Undergrad: 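One structure, pasted below without further comment.
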Amino acid sequence: MALPLPFDPRTAALLPPVDDLPLVDPARLTPEALRARFANPPEWQADTEVERFWRAAQPVPAAVLIPLVIRQVATAGEPAVLSVLLTQRTAHLKAHAGQVSFPGGRKDEGDVDAKATALREAQEEVGLPPERVEVIGELPPYITGTGFVVTPVVGLVHARPDEGVALELTPEPCEVAEIFEVPLAFLMNPANHQQRAALSGEMEMRYFSMPWRAPGRDEDFFIWGATAAMLRNLYRFLAA
């Protein structure tokens, strides 16, 4: 049985949870705690680093930005509220059309490192100025089934109204259909991490998904595949 084309990831079988995993302590989801965690990382193990159906002989270097947006100022007894900025790709693209992704793409010759790639791509795709991003670290590279070795670069994006730094983003219309944000606390709750399975030929393809229903929307943003796997790895890193 092969995957139906076009493949709808929402229709794959939902697997039962195999682990009783803890929430990430909310105290670890503050800008200060995130800076400290990346400056002095713990021992930890990523859930997924190579997709099982990877076939590329010469993988292509790439990077994405995981933008953690600071939207709300900390108050007495309440930490600042962070959200993860994501994009929905346009439906006409040849690869990953309509999927949810981080801003990012393949490394250009002029990019000195993964940070440069991630910041350049974020500026091109959503209009995020590099100077607004405080890069705090990286996660292990993730190899996709389409042959990319993707380095996730994690950055804090300062967008607190009290500081006069409202964030105004503009999607690149050829690549990005929509820009949206999901609370970091939602994505770092393993109860919101689904694992699904589908068959591709004789090989079973398993992937994480994290459906998110934004206020006022009638349909979920379906976060899955590489994007969900990198978020799952971020969860493992912060929960360790």
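None of these values were measured; they are calculated from a predicted model.
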Undergrad: The test is side chain to side chain contact (heavy atoms under 4.5 Å, CB included); show your working for I143 and F148 and say whether it passes.
TA: CA-CA 6 Å; I143 301 178; F148 290 91; over 6 Å; no

Undergrad: Counting neighbours of CZ on R35 that are heavy atoms of other residues, nucleotides or ligands and sit closer than 6.0 Å, is the number greater than 12?
TA: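 Yes - once you tally the heavy atoms of other residues, nucleotides and ligands closer than 6.0 Å, there are more than 12.
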
Undergrad: Would you please say whether a donor-acceptor pair under 3.5 Å links the side chains of R132 and H158?
TA: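 Per modelled atom types, R132 and H158 side chains form no pair under 3.5 Å.
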
Undergrad: Rounded to the nearest 0.5 Å, what separation is found between the CG atom of N192 and the CZ atom of F186?
TA: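 Result: 3.5 Å between the selected atoms.
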
Undergrad: Is the side chain of D108 donor-acceptor paired with the backbone N or O of D111 at a distance under 3.5 Å, no angle test?
TA: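 Pair absent, no side-chain N/O of D108 close to backbone of D111.
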
Undergrad: Take atom NZ in K115; do more than 12 heavy atoms of anything else shown fall under 6.0 Å from it?
TA: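 Not more than 12 within 6.0 Å, no.
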
Undergrad: Give a yes or no on whether the backbone of A177 and the side-chain of T90 come within a donor-acceptor separation of less than 3.5 Å.
TA: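 Side chain of T90 to backbone of A177, a donor-acceptor pair under 3.5 Å: no, none is there.
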
Undergrad: Would you compute the distance between atom CD of E125 and atom OG of S101 and round it to the nearest 0.5 angstrom?
TA: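 One finds 6.5 Å between CD of E125 and OG of S101.
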
Undergrad: Working to the nearest 0.5 angstrom, can you tell me the gap between L187 CG and L231 CG?
TA: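 It is 5.5 Å, given to the nearest 0.5 Å.
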
Undergrad: Work out which heavy atom in A159 is nearest to a heavy atom in L167; give both atom names and the distance.
TA: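 Of all heavy-atom pairs spanning A159 and L167, the closest is CB-CB, 3.7 Å.
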
Undergrad: Not counting sequence neighbours, list each pair that qualifies as a side-chain hydrogen bond (donor to acceptor under 3.5 Å, both in side chains) and has a residue in residues 218-229.
TA: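 The answer is R213-D220.
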
Undergrad: Find out if a path of hydrophobic residues (ILVMFWY) with successive side-chain heavy-atom gaps under 4.5 Å connects V60 to F102.
TA: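 V60 and F102: one cluster.
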
Undergrad: Nearest 0.5 Å please: distance from the OG1 atom of T30 over to the CG atom of L184.
TA: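 Going from OG1 on T30 over to CG on L184, the span is 10.5 Å.
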
Undergrad: For T48, check side chain to side chain donor-acceptor pair (under 3.5 Å) against everything at least two apart and list the hits.
TA: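 In terms of side chain to side chain donor-acceptor pair (under 3.5 Å), with neighbours along the sequence ignored, T48 is linked to no residue.
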
Undergrad: Show the nearest heavy-atom pair for residues T11 and D8, with the distance to one decimal.
TA: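 That would be OG1-O, 2.7 Å.
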
Undergrad: Would you say V182 and F208 are hydrophobically clustered, going by side-chain heavy atoms of ILVMFWY under 4.5 Å?
TA: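 The answer is no; the residues belong to distinct hydrophobic clusters.
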
Undergrad: Listed by chain and number, what are the side chain to side chain donor-acceptor pair (under 3.5 Å) partners of Q194, not counting sequence neighbours?
TA: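 Q194: side chain to side chain donor-acceptor pair (under 3.5 Å) contacts with R196, S209.
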
Undergrad: How far apart are the closest heavy atoms of P190 and R232, and which atoms are they?
TA: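 Nearest heavy atoms, P190 then R232: CB-NH1, 4.5 Å.
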
Undergrad: So if you build clusters from Ile, Leu, Val, Met, Phe, Trp, Tyr with side-chain heavy-atom gaps below 4.5 Å, do L14 and I223 land together?
TA: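 L14 does not cluster with I223.
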
Undergrad: Closest heavy-atom contact between V154 and F38?
TA: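 Of all heavy-atom pairs spanning V154 and F38, the closest is CG2-CZ, 3.7 Å.
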
Undergrad: Looking only at heavy atoms, what is the nearest atom pair of A228 and M210, with distance?
TA: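 Closest approach of A228 to M210, heavy atoms only: O-CE, 3.3 Å.
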
Undergrad: Any donor-acceptor pair under 3.5 Å linking the side chain of R37 with the backbone of F237?
TA: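 Yes: the side chain of R37 pairs with the backbone of F237.
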
Undergrad: Just to verify, which of L128, L169, V157 counts as forming a side chain to side chain contact (heavy atoms under 4.5 Å, CB included) with L85?
TA: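 Between L85 and the candidates, side chain to side chain contact (heavy atoms under 4.5 Å, CB included) is satisfied uniquely by L169.
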
Undergrad: Report yes or no: do M205 and L15 belong to one cluster of Ile/Leu/Val/Met/Phe/Trp/Tyr joined by side chain heavy-atom distances under 4.5 Å?
TA: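 No, no single cluster joins them.
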
Undergrad: For Q123, what residues pass the side chain to side chain donor-acceptor pair (under 3.5 Å) criterion, not counting sequence neighbours?
TA: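 Result, side chain to side chain donor-acceptor pair (under 3.5 Å) vs Q123: none returned.
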
Undergrad: In Å, rounded to the nearest 0.5 Å, how long is the span from CG of L139 to CG of L234?
TA: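 If I round to the nearest 0.5 Å, the distance is 5.5 Å.
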
Undergrad: Within the side chain of N233, is there an N or O that forms a donor-acceptor pair under 3.5 Å with the backbone of D47?
TA: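 Side chain of N233 to backbone of D47, a donor-acceptor pair under 3.5 Å: yes, one is there.
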
Undergrad: Applying side chain to side chain contact (heavy atoms under 4.5 Å, CB included), name anything that partners E138, two or more places apart in sequence or on another chain.
TA: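 For E138, the residues satisfying side chain to side chain contact (heavy atoms under 4.5 Å, CB included) (neighbours in sequence not counted) are A114, T151, V153.
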
Undergrad: To the nearest 0.5 angstrom, please state how far the CD atom of E124 sits from the CD atom of E172.
TA: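 One gets 8.5 Å once the value is rounded to the nearest 0.5 Å.
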
Undergrad: Looking only at heavy atoms, what is the nearest atom pair of R28 and L238, with distance?
TA: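 Distance-wise, the nearest heavy atoms are NH1-O, 2.8 Å.
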
Undergrad: Which residues satisfy the salt bridge (Lys or Arg N to Asp or Glu O under 4.0 Å) test with E178, sequence neighbours excluded?
TA: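 Applying salt bridge (Lys or Arg N to Asp or Glu O under 4.0 Å) to E178 gives R217.
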
